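Everything on this sheet refers to the single structure shown next.
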Amino acid sequence: MAAKFKMSRKGVGQLLRSPEIEAEMLRRAELIKNVAESIAPTGGPGDPHAGAYKAAFSTSSTRRGGRRKDRATATVTNSSYYARWVEYGTERVHAHHVLLRAARAGGN
């Protein structure tokens, strides 16, 4: 005899906002942060901000994330003012794609 399953939309919503899912999202964000810190460029000997980019990574989580604010999410950010230039590059500096590479490598 085959088993039957009836999905409860309310139950799925509660699951997606649960503390357990938020903790798992934060765990994955911490993994990504650790990888990002390990591959982040630190600058050369004449760089006045040597190591500042690497030290500026942080994580946060919420149970009201996503486009509809209906699920737990976690975010990895870098607070240095030049983080976007390191990630995407400029006409003079090539893109490092630190967060992109970290998300591909460390999100498991």
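As a basis for the values below, the full set of heavy atoms in this structure was taken, side chains included, without hydrogen atoms, waters or symmetry mates. Everything quoted here is computed from the prediction, not taken from an experiment.
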Under 3.5 Å, sequence neighbours excluded: what are the donor-acceptor pairs made by side chains of residues 12-19?
residue : atom : partner : partner atom : Å
Arg17   : NH1  : Gly13   : O            : 3.3
Ser18   : OG   : Leu15   : O            : 2.8
Ser18   : OG   : Glu20   : OE1          : 3.4
Ser18   : OG   : Ile21   : N            : 3.3

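- Atoms OG1 and CG, from Thr73 and Leu26 in turn, are 10.5 Å apart once rounded to the nearest 0.5 Å.
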Would you be so kind as to tabulate the donor-acceptor pairs closer than 3.5 Å made by side chains of residues 92-99, with sequence neighbours excluded?
residue : atom : partner : partner atom : Å
His97   : ND1  : Glu87   : O            : 3.3

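- When the shell of 6.0 Å around OH of Tyr88 is examined, it contains 12 or fewer heavy atoms from other residues, nucleotides or ligands.
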Please table the atom pairs, donor to acceptor, closer than 3.5 Å between any side-chain atom in residues 51-62 and protein atoms at least two apart or in another chain.
residue : atom : partner : partner atom : Å
Lys54   : NZ   : Glu37   : O            : 3.4
Ser58   : OG   : Thr77   : OG1          : 3.1
Thr59   : OG1  : Glu30   : OE2          : 2.6
Ser61   : OG   : Glu22   : OE2          : 3.0
Thr62   : OG1  : Arg64   : N            : 3.1

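- Of all the heavy atoms in Ala36 and Ala102, the pair that sits closest is N-CB, 3.6 Å.
- Each of Met25 and Leu31 belongs to its own hydrophobic cluster when Ile, Leu, Val, Met, Phe, Trp and Tyr are linked at side-chain heavy-atom distances under 4.5 angstrom.
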